[in-house]
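A short worksheet on the structure shown next.
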2 protein chains.
Amino acid sequence: MVLKGAEELAVPAEAARQARSDARTRQLLEAAARLMERNGSHGVSMQAVADEAGVSVGLIYRYFANKQELVQGVILGVLDDMARLIPAAVAPEADPVRRMVAAFSAYCGVVDDNREAVLLTYRESHTLDEEGRRLIKDLEVRTAQPLTDAIQEALDRGLLMPVDTRIFSYDLLLIAHSWSLKHWYFAPRMTFEEFVESQSALMLATAVHPDHRAAYADLLGAPA
Amino acid sequence: MVLKGAEELAVPAEAARQARSDARTRQLLEAAARLMERNGSHGVSMQAVADEAGVSVGLIYRYFANKQELVQGVILGVLDDMARLIPAAVAPEADPVRRMVAAFSAYCGVVDDNREAVLLTYRESHTLDEEGRRLIKDLEVRTAQPLTDAIQEALDRGLLMPVDTRIFSYDLLLIAHSWSLKHWYFAPRMTFEEFVESQSALMLATAVHPDHRAAYADLLGAPA
DNA sequence: GTCACGAATGAACGGATATTCATTCTTGGT
DNA sequence: ACCAAGAATGAATATCCGTTCATTCGTGAC
């Protein structure tokens with residue numbers, strides 16, 4: 001292995017260059033994301049990305065080897081955001097069931113803020129290569145972790161009916177995604193707040209053990 | 001309104017022509033579907049469709065005005081199949097809860113048989129025009145009808161915990177789709193049969209009213 | 001001031017592909 | 001046997017778009 005730390009630290013201007021390079025990368029990814037969320041990756045040319053970012057086409061190839069790498073960057077960026085935002089958004093609730101609801105609500109909130117981006121990940125993942133797909137899967141599973149942990153703890157304390165954690169947590173993740181995937185179905189029938197409330201109530205009304213249900217009366221909406 | 005019935009009936013050869021035309025249309029749609037389920041619509045050229053169908057490129061334009069119409073035909077065909085298959089697959093169970101499970105299992109079965117086609121509908125719907133998207137939504141809602149009906153009846157008879165039918169049925173539809181959407185997550189962890197069984201058990205263990213749970217012990221797998 | 005080097009440009013290239021249409025082939029009626 | 005009329009062909013066209021690269025620009029070091 002080559003020693004490079006000393007060399008890098010010895011050049012102070014290197015940091016500034018790196019910073020500008022990072023900013024450009026972000027700028028390009030943001031421009032690409034804006035366009036691709038509207039039209040999909042195939043509907044966006046490199047020229048269009050360049051125009052949107054206010055740079056020339058050639059410059060993109062200084063930061064991304066080819067279009068597929070750019071697309072991959074956009075999708076991974078979206079998922080990376082979610083993998084950061086969701087754990088952070090989970091309120092430090094003490095009660096496991098309440099933490100479960102908080103995690104689910106937070107997940108829905110991030111989906112709502114990035115509705116088009118979530119759609120993009122479903123539409124474009126298949127255009128990536130094996131490596132890209134592996135990264136996506138890893139990130140997505142990681143976004144479900146707060147939910148999984150909360151469910152597991154609630155189960156361990158006997159607060160829930162016996163369920164398969166792997167399945168239950170992924171079902172909840174998918175239901176959160178459905179606010180984006182099936183927005184055309186849900187949105188005309190309810191607001192976002194009603195969606196989260198109803199889904200939470202459904203989850204609680206069904207999954208919480210009857211012996212403990214009374215403790216969460218405040219989270220169960222009025223019965224139908 | 002113009003009378004055209006008489007004219008049509010007066011020409012016997014017209015029927016044969018229509019039949020051949022329909023067969024060609026189906027042949028082209030099937031070829032396109034086979035290819036697009038693998039590579040998405042953008043990954044398939046009109047030439048490739050023609051080769052797969054064993055005809056020339058030009059002929060496709062006799063049956064479809066352009067590529068978008070062909071893509072729309074493929075997607076609507078897939079959804080139409082499902083809208084036919086699923087109601088047909090619902091076993092004529094007498095008990096509403098059992099009919100609910102049967103409808104869900106049938107839905108999952110159709111999804112499993114058409115895994116790539118389901119993915120295609122999620123990936124390519126946005127390429128359609130307004131009219132096409134409206135048709136898709138109608139068809140999809142129709143596929144959920146057997147589930148919705150069974151749930152409503154189970155609710156009316158007090159067999160379920162109080163839930164919002166619109167939400168619960170669409171959640172189940174989405175979970176069935178998830179066998180295709182999240183195949184990479186579920187498939188390494190369980191077989192298709194285990195997936196259906198676990199999801200059914202989860203749905204029953206949580207949604208069935210405690211007073212009636214004993215009646216469905218055979219459908220609830222061994223508790224975790 | 002000027003030199004060197006990375007950053008940035010954008011015209012040009014090459015490949016792919018949707019669409020057209022002049023032409024040939026099939027078929028069903030007489 | 002012959003003749004429309006529709007069915008089918010596939011080479012040619014026009015367009016679009018990813019990628020390259022010769023060239024210019026900007027900036028920090030000396």
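Since the model is a prediction, treat every value here as computed from it, not as a measurement. Chain letters run A, B, ... following the sequence lines, proteins first, then strands; residues in each count from 1.
- Backbone-only engagement by A/Val44 is indicated by non-hydrogen atom pairs under 4.0 Å involving sugar-phosphate atoms exclusively.
- Taking atom NE2 of residue B/His42 and atom C1' of nucleotide D/dC17, one finds them 14 Å apart after rounding to whole Å.
- To the nearest angstrom, C1' of C/dA7 lies 13 Å from CD of A/Gln27.
- Between A/Gln47 atom CD and C/dA11 atom P the separation is 9 Å, expressed in whole Å.
- Of the candidates C/dA11, D/dG18, D/dA8, the closest approach to any side-chain atom of A/Lys67 belongs to D/dG18.
- When all heavy atoms are compared, the tightest approach of B/Ser180 to B/Leu119 is OG-CG, 3.5 Å.
- A/Thr143 and A/Tyr107 share a side-chain donor-acceptor pair at under 3.5 Å.
- The stretch residues 59-66 of chain B comes close to DNA chain D through B/Leu59, B/Arg62, B/Tyr63, each having a heavy atom under 4.0 Å from the strand.
- Under 4.0 angstrom from either OP1 or OP2 of D/dG10 there lies no side-chain N or O belonging to B/Ser56.
- In this structure, A/Arg24 contributes its side chain and A/Tyr63 its backbone to no donor-acceptor pair below 3.5 Å.
- In this structure, B/Leu70 places its CG atom 14 Å from C1' of C/dT17, rounding to the nearest Å.
- The ring-ring contact (aromatic ring centres under 6.0 Å, His included) search around B/Tyr61 returns none, not counting sequence neighbours.
- More than 12 heavy atoms of other residues, nucleotides or ligands shown are found within 6.0 angstrom of CZ on A/Arg189.
- If A/Gln68 and B/Arg24 are placed on DNA chain D by their nearest nucleotide, the residue sitting closer to the 5' end is B/Arg24.
- When each of A/Met46 and A/Gly58 is assigned the nucleotide of DNA chain D with its nearest heavy atom, A/Met46 is the one assigned upstream, toward the 5' end.
- Ring planes of B/Phe195 and B/Trp179: tilted class, angle from 30 to 60°.
- With rounding to whole Å, B/Asp22 atom CG is found 15 Å from D/dA7 atom C1'.
- Going from atom CZ of B/Arg20 over to atom C1' of D/dA7 covers 9 Å, rounded to whole Å.
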